[in-house]
Undergrad: 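Sharing a structure with you now.
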Amino acid sequence: MMRIVIFGAGGRTGSTAVAEANARGHRVTSLRSADADITAPEAVARAASGHDVAIVAVAPAEADPRGFFQAAANGLVTGLQNAGGTRLVWVSIASLLPGASGVPAVDTDGFPAEYRPFSLGHRIALETIKASGLQWTAVSPAGDFAPDTPPTGGYALTGVGDLTSRITHADHGLALVDMAERSGMPGEHFGVVPLSPDEEASVAMGDGQRRPTATRPCRPRAAVV
């Protein structure tokens with residue numbers, strides 16, 4: 001059993017992580033934006049003190065995304081360091097993953113301008129986390145979420161973005177808690193992709209193929225999120 005604090009527990013991503021961590025018997029502290037200011041190091045330190053891992057799934061309500069994510073990353077890094085080095089699972093965004101060509105979607109010519117500030121805000125946060133010295137992992141859909149699709153009970157990880165890929169919030173939550181349970185976090189950004197039909201069948205048959213973590217490449221077929 002671990003102690004896990006989840007920032008952003010009021011959103012769909014955070015709430016599925018809360019449900020999955022509770023289902024596994026972990027001691028979970030669920031925090032909405034009103035419960036702890038992620039941009040304030042002292043608030044983060046108080047909330048994270050005594051916890052093994054922090055899962056962070058936050059987004060700006062109406063603030064400028066670049067300013068918000070910079071402030072959030074600064075508050076988070078300093079707060080977690082002051083809390084004793086609590087490990088970090090950061091919910092990132094698919095557009096920062098390299099595509100099949102090796103170029104992240106946000107850096108391609110066809111990436112929609114209206115999504116660029118949010119993606120670049122996420123990049124600022126991820127760069128701050130990388131430079132922090134914390135033990136961390138970033139996890140995002142390899143593409144986007146599939147809010148109306150039934151979960152499969154499993155997933156696969158990839159280091160390649162596929163903006164046509166869709167993962168359910170529940171299956172993504174499995175990946176978040178799996179990463180939280182790793183004592184040696186790899187310091188990488190992983191995308192989460194759904195199981196193939198064969199993998200789904202083996203999950204349904206209950207043969208132990210739940211939550212495979214083998215990385216497999218995904219080729220992007222579009223440049224929009």
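Heads up: numbering here begins at 1 and tracks the sequence.
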Undergrad: Can you tell me how far the CD1 atom of Ile55 sits from the OG1 atom of Thr13, to the nearest 0.5 Å?
TA: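 One finds 11.0 Å between CD1 of Ile55 and OG1 of Thr13.
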Undergrad: Looking only at heavy atoms, what is the nearest atom pair of Val192 and Leu157, with distance?
TA: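 What the structure gives for the nearest pair is CG2-CD2, 4.1 Å.
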Undergrad: For the atom pair CE (Met1) and CD (Glu181), what is the distance rounded to the nearest 0.5 Å?
TA: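 Answer for the CE-CD pair, Met1 versus Glu181, is 12.5 Å.
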Undergrad: Provide the closest heavy-atom pair for Ala17 versus Leu176 in the form atom of the first, atom of the second, distance.
TA: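 Reported closest heavy-atom pair: CB-CD1, 4.1 Å.
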Undergrad: With side chains defined as the heavy atoms from C-beta onward, is the minimum distance between Asn74 and Thr128 less than 4.5 Å?
TA: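 Asn74 vs Thr128: side chains touch.
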Undergrad: Considering all heavy atoms of both residues, which atom of Pro141 and which atom of Ala94 are nearest to each other, and what is their separation?
TA: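 Answer, listing the atom of Pro141 first, then Ala94: O-CB, 3.2 Å.
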Undergrad: Applying side chain to side chain contact (heavy atoms under 4.5 Å, CB included), run through Phe69 and Arg123 and close with a yes or a no.
TA: CA-CA 9 Å; Phe69 281 116; Arg123 174 174 281 170; over 6 Å; no
Undergrad: Quick check for you: to the nearest 0.5 Å, what is the distance between Ile167 atom CD1 and Asp162 atom CG?
TA: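 Between Ile167 CD1 and Asp162 CG, I get 11.5 Å after rounding to 0.5 Å.
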Undergrad: Does the plane of the ring in His172 sit parallel, tilted or perpendicular to the ring in Phe145? Use 30° and 60° as the thresholds.
TA: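 Answer is perpendicular, since the angle exceeds 60°.
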Undergrad: Applying side chain to side chain contact (heavy atoms under 4.5 Å, CB included) to Leu76 and Ile38, what does each step give before you reach the verdict?
TA: CA-CA 6 Å; Leu76 192 61; Ile38 194 80; 3.6 Å; yes
Undergrad: Backbone N or O of Pro117 within a donor-acceptor pair of the Arg66 side chain at under 3.5 Å?
TA: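 Looks like no, no N/O pair under 3.5 Å.
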Undergrad: Considering all heavy atoms of both residues, which atom of Ser119 and which atom of Leu96 are nearest to each other, and what is their separation?
TA: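 Shortest heavy-atom contact: O-CD2, 3.7 Å.
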Undergrad: I need the minimum non-hydrogen distance between Phe7 and Ala36, along with the two atoms involved.
TA: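 Shortest heavy-atom separation between Phe7 and Ala36 comes out as CE2-CB, 4.1 Å.
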Undergrad: Can you check whether Ala175's main-chain N or O pairs, donor with acceptor, with Glu20's side chain at less than 3.5 Å?
TA: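 Pair absent, no side-chain N/O of Glu20 close to backbone of Ala175.
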Undergrad: Any salt bridge between Asp178 and Arg24, counting N to O under 4.0 Å?
TA: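 Salt bridge flag = yes for Arg24 with Asp178.
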Undergrad: Between Ile124 and Tyr115, is there a shared hydrophobic cluster once you connect ILVMFWY residues whose side-chain heavy atoms come closer than 4.5 Å?
TA: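 Different clusters.
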Undergrad: Between Val193 and Ser165, which heavy-atom pair has the shortest distance, and what is it?
TA: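 Heavy atoms only, the tightest pair is CG1-OG, 3.8 Å.
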Undergrad: Which value, rounded to the nearest 0.5 Å, describes the distance between Ile4 atom CD1 and Arg27 atom CZ?
TA: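 If we round to the nearest 0.5 Å, Ile4:CD1 and Arg27:CZ are 11.5 Å apart.
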Undergrad: Please confirm whether the backbone N or O of Ser132 pairs with a side-chain atom of Gln81, one donor and one acceptor, at under 3.5 Å?
TA: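 Yes.
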Undergrad: Would you sort out whether His122 and Trp90 count as a side chain to side chain contact (heavy atoms under 4.5 Å, CB included), showing the intermediate values?
TA: CA-CA 10 Å; His122 261 287; Trp90 172 258; 3.9 Å; yes
Undergrad: Short question: side chain of Asp35, backbone of Arg32 - any donor-acceptor pair under 3.5 Å?
TA: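 Present.
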Undergrad: Begin with the C-alpha distance, continue with both residues' side-chain angles, and end with the deciding distance and a verdict on side chain to side chain contact (heavy atoms under 4.5 Å, CB included) for His26 and Asp52.
TA: CA-CA 11 Å; His26 296 303; Asp52 302 296; over 6 Å; no
Undergrad: With side chains defined as the heavy atoms from C-beta onward, is the minimum distance between Thr152 and Thr168 less than 4.5 Å?
TA: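 Thr152 does not reach Thr168 side chain to side chain.
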Undergrad: Assigning hydrophobic clusters by single linkage (Ile, Leu, Val, Met, Phe, Trp, Tyr; side-chain heavy-atom cutoff under 4.5 Å), is Leu126 placed with Leu97?
TA: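 No, because Leu126 and Leu97 fall into different hydrophobic clusters, even though each may have its own neighbours under 4.5 Å.
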Undergrad: May I have the step-by-step check of salt bridge (Lys or Arg N to Asp or Glu O under 4.0 Å) for Glu42 and Arg46, ending in yes or no?
TA: CA-CA 6 Å; Glu42 62 277 9; Arg46 283 195 303 269; 5.8 Å; no
Undergrad: Output, in order, the C-alpha distance, side-chain angles, deciding distance and verdict of salt bridge (Lys or Arg N to Asp or Glu O under 4.0 Å) for Arg166 and Asp171.
TA: CA-CA 10 Å; Arg166 297 294 182 267; Asp171 292 337; over 6 Å; no
Undergrad: If only atom types and distance count, is the side chain of Thr86 paired as donor or acceptor with the main-chain N or O of His51 below 3.5 Å?
TA: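 Yes; at least one donor-acceptor contact below 3.5 Å.
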